[in-house]
Amino acid sequence: MAVRLKDMLKREPILSSGHRMCAGCAAPTVVKLMGMALRGPTIVCEATGCLEVATTIYPFTAWKIPWIHVAFENAAAVASGVVEAINAMRDKGRYKDEQVDVIAIGGDGGTFDIGFGALSGALERGHKFVYMVYDNGAYQNTGIQRSGGTFPGQETTTSWAGKVEPGKRQRKKPLAEIVAAHKIPYVATVDPYHYRDFITKFRKALEADGPAFIHAFSPCPRGWRSDTSKSIELAKLAVETGLHPLYEVIDGKEWIMSGPSKRLKELRPVDEYFKTQGQFKHLFKPEWAEFRAWIQEEVLKDWEELKRKCGVS
Amino acid sequence: MTVVERVPTDKVVVEGMTGDAAIAHALKQCDIDVLAAYPITPQTIIVEDFQKFVANGEVKTRVIPVESEHSAMSACVGASAVGARVATATASAGLALMWEILYCAASMRMPIVLAVANRALSAPINIHNDWSDSYGARDSGFIQIYCQSCQEAYDTVIMAFKIAEDHDVLLPVMVCIDGFILSHNVERVEMLPTEAVQQFLGVRKPAIALDPDNPVTMGPLALTDYYFEFKEQQDRAMARVPEVFERVESEFEKMTGRRYGRFETYRVEDADIIIFTHSTPGGTAKAVVDALRERGEKVGVVRLRMFRPFPAEALREVLRNAKAVAVFEKCRSFGAPSNPLALEVRTALYDLDERPLVTDFVIGLGGRDVPPSTIVEGVEKTKEYLKAGRAPLYETLGVRK
Amino acid sequence: MSKRFDEIPMAGIIIEPGNAMEYKTGGWRAMRPVHTDETCLWIKNGTCGLCWIYCPDNAVRLIEENGKYRYEYDYDYCKGCGICANQCPTGSIKMESE
Ligand SMILES: Cc1ncc(C[n+]2csc(CCOP(=O)(O)OP(=O)(O)O)c2C)c(N)n1
Ligand code: SF4
Ligand code: SF4
Ligand code: SF4
Ligand SMILES: [Mg+2]
């Protein structure tokens with residue numbers, strides 16, 4: 001799909017202004033780009049979280065396409081029901097639309113953690129839908145608690161940086177890889193800065209012959225204690241430091257590194273990323289120098305492994 | 001309104017089948033669009049039988065073999081939101097795992113039918129019958145109907161869709177049968193011809209659906225300024241159930257000659273003591289009453305069917321002239337002054353100037369057998385309490401103590 | 001005005017897509033983006049549009065009229081995050097205090 005400004009301008013946005021996401025939150029931009037990739041009638045099933053809450057505060061909704069929220073941990077299960085209901089009604093000649101795309105959206109908490117069982121089940125069953133996680137690195141809606149998507153060294157309200165703790169100690173769950181291991185037709189990581197890459201991949205996800213998964217990086221200035229103007233720049237930096245590399249996995253076996261990552265001669269140091277956010281500030285204290293070095297080492301190892309899988313030298 | 005005719009007897013198929021099988025057959029004839037379910041004893045046969053119908057091409061239902069009951073109810077909500085006719089089945093731990101989404105289904109006004117084979121909750125883990133599981137969900141916003149026989153289970157499932165999908169209601173329905181005692185017990189069931197069932201039900205016409213031509217937002221955040229109004233709507237919908245139920249049962253009666261009511265009364269006209277229970281103990285109680293009547297004792301039975309909405313006013317009229325109401329229930333509400341069924345009965349009677357004495361017997365937990373002698377023991381105790389003029393708030397019967 | 005229970009669709013269903021437009025978020029703004037036509041690529045030749053692409057609040061308006069390009073902000077919704085200014089490759093947007 002060629003992504004041209006003039007075509008994008010013609011499209012009606014799927015999310016209106018007047019939503020109450022924080023100033024500078026990248027999630028609405030992520031949804032906007034998703035909207036640019038749609039190919040026709042679409043239904044969205046969303047998990048509880050910032051995006052759900054702040055776009056549908058009764059009596060207002062920012063959504064211009066059919067949208068349902070049921071609970072936090074079940075977006076993939078709700079989507080299963082939507083997909084199969086449409087299939088059944090179509091089988092019986094009771095459904096008018098030729099094709100309706102179904103998209104489930106969850107935050108990192110709703111996807112890496114509490115909704116993971118529902119996601120894995122839905123992928124295994126093979127319903128034709130796209131699941132997109134917008135990953136802002138913590139349970140932001142409930143006040144910045146750690147999740148399986150939180151980076152090591154990240155300070156949250158349940159992984160404080162203190163005299164003896166450097167924020168979260170554990171690695172980030174490699175979710176896209178775990179999802180790819182389900183051998184579904186399409187998995188991709190995206191970020192809003194690289195909008196062409198985002199839209200192109202999202203469209204591929206919609207066109208996949210079976211379930212597809214999109215891992216979208218989504219900066220959160222409030223939780224990250226970063227400048228509101230930097231959200232899109234931080235998405236770029238996350239790619240350039242290797243914290244959120246861009247790639248696709250086809251059928252769980254063909255790994256393809258995407259242009260923006262592939263074109264990097266080498267990764268920028270993670271410190272450059274950490275410096276931009278209050279949530280990593282403590283890492284620059286001398287006592288955490290070694291821990292910070294460990295994170296850098298792990299990122300480089302993961303990067304080499306990804307390059308190897310993608311056949312990139 | 002659909003015009004229904006009496007189904008000629010030669011079109012009725014009679015078969016011996018279990019409660020689970022009867023429900024599976026009813027679901028098949030209701031031509032459901034989606035079934036999302038997860039196995040758990042003693043409900044599993046429903047899903048197994050239904051999957052067999054699917055495997056043999058007897059139904060066009062899409063079955064979603066979900067990875068948990070939480071996802072089963074979630075998938076049902078998603079499917080129902082699109083406008084499909086949807087069902088699931090569960091028991092015990094499965095119902096407990098669904099709990100969060102039961103409330104969502106009811107509050108989002110999804111007319112889902114949920115068959116429950118009542119089973120005790122852990123711990124200790126136990127597969128046998130009591131009512132702790134569905135009583136735990138009594139405030140979820142589901143309509144709850146308890147059945148005594150396989151025929152009744154079959155009939156109730158069919159009527160449940162018509163009640164749930166009525167635009168005056170739009171609430172989910174739990175159809176409950178006693179685990180093993182009914183779910184696995186073979187009884188004679190008269191099955192209607194499928195065309196009759198489908199004519200009776202028609203195709204579901206959703207009030208509002210997720211539709212790309214008409215985009216709506218379902219399940220938003222509603223706070224202090226609006227949440228309460230949606231609860232008011234929900235409460236009023238529940239209050240409209242008796243009227244819709246009556247209409248649906250009348251039509252069903254025209255078609256089959258059978259009707260059950262929100263509760264069944266048995267030899268209560270002149271009864272001094274009315275045994276109050278539901279599900280299979282209702283049958284035992286009727287046998288006990290026949291025996292006691294032979295001895296000249298004035299006893300009767302009220303077998304409740306509809307626990308939600310609780311038919312308080314109608315029951316008050318039936319119970320008011322008795323000297324005592326002896327409640328038998330398979331659930332202990334720990335820490336409560338009495339137990340779910342008796343609490344409802346006491347509330348229903350409270351406004352009377354002269355109230356019958358209410359006794360509350362907790363029976364059959366974890367599938368402990370409830371023989372006629374247990375019911376007789378409760379009746380005897382009730383007689384003593386009547387003499388003394390007071391009764392304990394509740395007691396357990398049939399436990400070694 | 002808050003409505004009565006019987007004046008609103010059931011179950012909180014919102015039947016007006018995108019009616020959040022009625023809720024103006026412009027009041028949140030502490031800094032306001034100010035655009036100059038001179039260097040802007042959209043004005044020059046109808047390209048770029050990054051400010052429009054990235055704005056989380058759809059508050060940038062890129063307008064094409066009779067082959068001419070115009071640029072506007074919708075200050076009813078702009079929250080003043082500064083993303084547009086930060087991403088502008090030509091420095092055509094400045095953030096100014098309200
Ligand atoms: C079962 C359940 N547990 C906990 C919550 C509370 N809760 C609501 S949103 C949320 C965090 C959401 O985090 P995430 O999925 O990362 O989305 P974000 O808000 O960060 O965008 C939590 C813990 C809930 N709604 N339901
Ligand atoms: S807390 Fe973060 S993710 Fe949530 S709306 Fe604000 S910026 Fe966005
Ligand atoms: S300041 Fe933020 S909200 Fe305002 S126009 Fe620029 S990007 Fe949009
Ligand atoms: S980003 Fe800058 S150059 Fe590009 S269209 Fe916007 S104002 Fe013009
Ligand atoms: Mg999050």
Side-chain angles (χ1 to χ4, degrees), chain A residues 14 20 40-46 48 52-97 100-102 104 115 117-122 124-125 127, chain B residues 31-36 38 59-86 88 100-101 103-105 107-108 110 112 203-206 208-223 225-227 229-230:
Chain A
I14 59 169
R20 283 176 254 181
T42 306
I43 294 174
V44 172
C45 308
E46 182 153 352
T48 313
E52 167 266 330
V53 164
T55 57
T56 65
I57 301 180
Y58 196 87
F60 301 117
T61 180
W63 291 89
K64 296 188 169 196
I65 59 176
W67 182 95
I68 183 170
H69 157 257
V70 182
F72 183 25
E73 65 280 54
N74 66 355
V78 173
S80 312
V82 169
V83 170
E84 296 313 325
I86 291 173
N87 285 339
M89 294 196 295
R90 189 179 289 121
D91 290 348
K92 296 177 185 182
R94 263 165 56 214
Y95 203 78
K96 55 185 188 320
D97 289 298
V100 176
D101 287 322
V102 177
L119 170 63
S120 178
E124 181 271 331
R125 293 191 299 272
H127 310 285
Chain B
D31 191 27
I32 55 174
D33 299 308
V34 173
L35 178 93
Y38 193 83
V59 274
K60 280 191 179 164
T61 305
R62 293 286 179 138
V63 177
I64 311 180
V66 279
E67 78 297 334
S68 76
E69 288 87 352
H70 192 280
S71 284
M73 189 47 76
S74 300
C76 285
V77 172
S80 191
V82 182
R85 178 169 292 158
V86 181
T88 182
E100 179 196 17
I101 312 302
Y103 280 70
C104 299
S107 307
M108 294 178 80
M110 302 298 175
I112 297 159
V203 170
R204 180 181 164 204
K205 293 179 196 68
I208 308 182
L210 287 176
D211 172 7
D213 290 341
N214 205 356
V216 297
T217 288
M218 288 186 180
L221 175 80
L223 298 172
D225 54 347
Y226 275 105
Y227 180 91
E229 276 64 34
F230 299 122

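Order of the sequence lines sets the chain letters (A, B, ...), proteins ahead of strands, with each chain counted from 1. The figures here come from the full heavy-atom set of this structure, side chains too, leaving out hydrogens, waters and symmetry mates.
- Comparing A/Glu46, A/Lys64, A/His69 by heavy-atom pairs within less than 4.5 Å of chain B, the highest count is held by A/His69.
- Among B/Val86, B/Leu223, B/Asp225, B/Val203, the residue making the largest number of heavy-atom pairs under 4.5 Å with chain A is B/Val203.
- Here A/Gly81 is the residue among A/Gly81, A/Cys45, A/Ala85 with the most heavy-atom pairs under 4.5 Å with chain B.
- Top candidate by heavy-atom pairs under 4.5 Å with chain B, chosen from A/Glu124, A/Met89, A/Lys92, is A/Lys92.
- Among B/Asp33, B/Asp213, B/Val34, the residue making the largest number of heavy-atom pairs under 4.5 Å with chain A is B/Asp33.
- Here the CG atom belonging to B/Leu210 is positioned 5.0 Å from the CD1 atom belonging to A/Ile68, to the nearest 0.5 angstrom.
- Using a 4.5 Å cut-off between heavy atoms, B/Phe230 touches chain A through its side chain atoms alone.
- Within the 4.5 angstrom heavy-atom criterion, atoms from both the backbone and the side chain of A/Glu84 approach chain B.
- The contact between B/Ile101 and chain A is made entirely by side chain atoms (from C-beta outward), counting heavy-atom distances below 4.5 Å.
- The shortest side-chain heavy-atom distance between A/Arg125 and B/Pro65 falls under the 4.5 Å cut-off.
- Side-chain contact between A/Trp63 and B/Pro215 is absent, with no heavy atoms from C-beta onward closer than 4.5 Å.
- If you take CD on B/Glu67 and CG on A/Leu119, they are separated by 9.5 Å, rounding to the nearest 0.5 Å.
- Here A/Glu73 contributes atom CD and B/Ser68 contributes atom OG; the two are 9.0 Å apart, rounded to the nearest 0.5 Å.
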Please determine whether side-chain contact (heavy atoms from CB on, under 4.5 Å) holds for the pair B/Asp211 and A/Lys96, giving the CA-CA distance in whole Å, both sets of side-chain angles, and the decisive distance to 0.1 Å.
CA-CA 10 Å; B/Asp211 172 7; A/Lys96 55 185 188 320; 2.9 Å; yes
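- Proximity to chain A (any heavy atom under 4.5 Å) is shown, for B/Thr217, by both the backbone and the side chain.
- Nearest approach of B/Gly219 to A/Trp67, heavy atoms of both residues: O-CZ3, 3.9 Å.
- Checked against B/Pro212 for a side chain to side chain contact (heavy atoms under 4.5 Å, CB included), the options A/Ile65, A/Thr42, A/Val100 give a single hit: A/Val100.
- Proximity to chain B (any heavy atom under 4.5 Å) is restricted, for A/Tyr95, to the side chain, taken from C-beta onward.
- Contact of A/Asn87 with chain B is made through backbone and side chain together, with heavy-atom distances under 4.5 Å.
- Contacts with chain B were tallied for A/Ala54, A/Gly40, A/Ala118, A/Ala79; A/Ala118 has the most, counting heavy-atom pairs under 4.5 Å.
- Of the two parts of B/Ala222, the backbone and the side chain both hold a non-hydrogen atom closer than 4.5 Å to a non-hydrogen atom of chain A.
- Remark: B/Thr61 OG1 to A/Asp91 CG distance equals 10.0 Å, nearest 0.5 Å.
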Please list, one pair per line, the donor and acceptor atoms closer than 3.5 Å that link side chains of residues 72-84 of chain B to other protein atoms, with sequence neighbours excluded.
from, atom 1, to, atom 2, distance (Å)
B/Ser74, OG, A/Asn74, ND2, 2.8
B/Ser74, OG, B/His70, O, 2.7
B/Ser80, OG, B/Arg204, NH1, 3.2

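- With sequence neighbours excluded, no residue satisfies salt bridge (Lys or Arg N to Asp or Glu O under 4.0 Å) with A/Arg20.
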